[in-house]
Amino acid sequence: WKSALSSFIDSIEVDGGVAASYNYNFNQPTNNNGFNGEGGADQNAGQSGGFLPFDPDANSFQVDQVWFGLGKPATEESRGGFRFDIFYGATATNYAANFFVPGDNDSNDTASDFVVDQAYVEYLAPVADANFKLGKFATPVGAEVVKQWANFNITRGIVYGMQPVNHLGLLGTVPLGDFGEFGAGIVNSGGSTISAPDDNQEKSYLATLKLGDNRANIRGTFIFGSEDTIEHSFSGTNLSTGDQIGLADATAWFRLGTWATKQGLAEEAKLAFAKCVAIDPNHTAAWAALGYERWQGAWLSRAEVARR
C-alpha cells in the first residue's frame with residue numbers, strides 16, 4: 001500500500017543533460033566583415049550574419065547547453081500532469097540576446113543566461129484519449145528543436161531562426177489509432193519568437209497532423225494569425241488578419257537590429273529597431289537601443305530626459 005504522496009513522487013520523471021563542443025572555422029573566418037583579427041568572438045557570423053547562430057565564436061570551446069527537465073505524464077491511471085524544462089549555456093545566451101528573454105544577456109559569458117523552454121499542465125480526457133496542454137509548450141513546427149542532442153545535426157540551420165520556438169496557450173491532441181495524431185490549439189503568437197509574447201490583441205491558431213510513429217513520421221503544421229509580415233513591414237501593404245503564417249514580428253526586427261549593431265551597421269540597425277517599436281510600442285530593449293528612455297509614460301531621447 002502506498003500513500004497518495006508516495007505514488008505521486010514515484011510518477012515524477014526527471015531528466016537532463018550537458019552538451020559541450022569545440023568548433024574550428026577552416027575559413028579563419030575572414031569572410032566576416034566585422035573580423036578584427038583578434039580572437040574568435042562573434043566571428044562565425046559570415047556574410048549572412050545568420051551562419052552558425054548557436055556557435056558564434058570561431059575556434060573556441062563552449063558549453064552548448066545544460067538541460068534540466070521535470071514532469072509527470074498524464075496517464076489513464078492519473079489523468080493530470082505537468083512539464084517544466086529549463087536550460088542555459090550558449091544556446092540560452094543566443095536566445096536571451098536575440099529573442100529578448102530574461103537572463104543575464106551577457107554576450108561575453110556564454111553560460112550565464114537561462115531560458116524556460118516549457119512550463120505547462122496537461123490533462124488526458126477519458127473521451128478519445130484527447131490530451132490538453134495549458135501553458136508554454138514546444139512548437140510542432142519544424143524539424144529542428146531546442147534540445148541540443150535531439151537534433152539530427154550538430155548545428156542548426158538559418159531557417160531555424162525563422163520558425164517559432166514555443167507557444168503560450170492551449171493545445172489539444174487526439175491520437176489517430178496507430179497511424180499518428182491530430183492537434184489544434186489557440187496561442188498568443190505564431191511568430192518567430194521564444195516565449196511567444198502576446199504582441200497584438202488577436203490570437204493565433206494552430207493545426208497539426210502527424211502520420212507515422214516515433215521511428216518514422218511526417219508532420220504538417222498550419223498557423224493562422226495576425227502578426228505583421230516582413231512583406232508588410234517593407235512594402236507598407238495593409239494586410240488583413242490571416243494573411244501570414246507568423247514568420248516575422250517585432251522580435252524578428254529586434255534580432256535583425258542586434259545583428260546589424262554587432263556588424264557595425266549603425267543605420268541598418270536603427271531602421272530595424274524603429275520597425276520593431278512600430279510593431280510593438282512597448283519593446284523596452286528596442287527603445288533603449290534607439291537611445292530612448294521612458295519618462296512619465298512617454299519615450300523620450302536621453303538628451304530630452306536630461307533637460308527635464
Side-chain angles (χ1 to χ4, degrees), residues 34 42 45 48-54 56 90-108 110 112-117 136 139 141 146 156 158-168 187-202 204 223 225-236 239 244-294 298-302:
D42 293 325
S48 70
F51 187 62
L52 297 179
F54 293 95
T91 53
T93 299
N94 178 276
Y95 284 124
N98 293 328
F99 291 97
F100 191 49
V101 296
D104 293 334
N105 196 11
D106 181 359
S107 60
N108 295 317
T110 57
S112 64
D113 296 289
F114 64 89
V115 172
V116 175
D117 179 53
K136 180 194 286 190
T139 184
V141 176
V146 175
R156 293 170 180 80
I158 296 175
V159 176
Y160 182 70
M162 300 176 63
Q163 71 170 60
V165 176
N166 46 33
H167 305 281
L168 277 167
V187 297
N188 282 345
S189 172
S192 56
T193 65
I194 191 164
S195 300
D198 201 358
D199 47 17
N200 53 50
Q201 295 185 13
E202 301 290 338
S204 292
I223 303 177
S226 61
E227 295 86 3
D228 278 346
T229 63
I230 288 178
E231 178 184 356
H232 180 201
S233 299
F234 276 114
S235 67
L239 301 181
Q244 51 77 51
I245 55 174
L247 294 183
D249 51 23
T251 307
W253 283 109
F254 180 74
R255 293 177 60 203
L256 180 61
T258 301
W259 169 81
T261 300
K262 290 181 178 180
Q263 303 305 311
L265 305 173
E267 290 301 318
E268 290 80 357
K270 183 177 180 180
L271 175 62
F273 291 132
K275 290 284 189 180
C276 176
V277 297
I279 297 170
D280 180 6
N282 295 315
H283 202 295
T284 305
W287 280 114
L290 288 168
Y292 283 75
E293 296 180 6
R294 196 167 185 84
W299 289 101
L300 303 177
S301 69
R302 294 189 179 97

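H167 is not listed as a side-chain neighbour of N188, based on a closest heavy-atom distance of 4.5 Å or more. Taking 4.5 Å as the limit, every side-chain heavy atom of T91 sits out of range of all side-chain heavy atoms of V146. Taking 4.5 Å as the limit, every side-chain heavy atom of L168 sits out of range of all side-chain heavy atoms of V187.
Under the side chain to side chain contact (heavy atoms under 4.5 Å, CB included) criterion, A286 pairs with F254, F273, C276, V277, H283, sequence neighbours left out. For T261, the side chain to side chain donor-acceptor pair (under 3.5 Å) criterion is met by no residue, not counting sequence neighbours. With sequence neighbours left out, the ring-ring contact (aromatic ring centres under 6.0 Å, His included) criterion links W287 to Y292, W299.
The CG atom of L290 sits 9.5 Å away from atom CZ of R302, with the distance rounded to the nearest 0.5 Å. Distance NZ/K136 to CG/D117: 7.5 Å, rounded to 0.5 Å. Here the straight-line distance linking atom CG of L265 with atom CG of L271 works out to 11.5 Å at 0.5 Å rounding. Atom OG1 in T139 sits 5.5 Å away from atom CD1 in I223 (nearest 0.5 Å).
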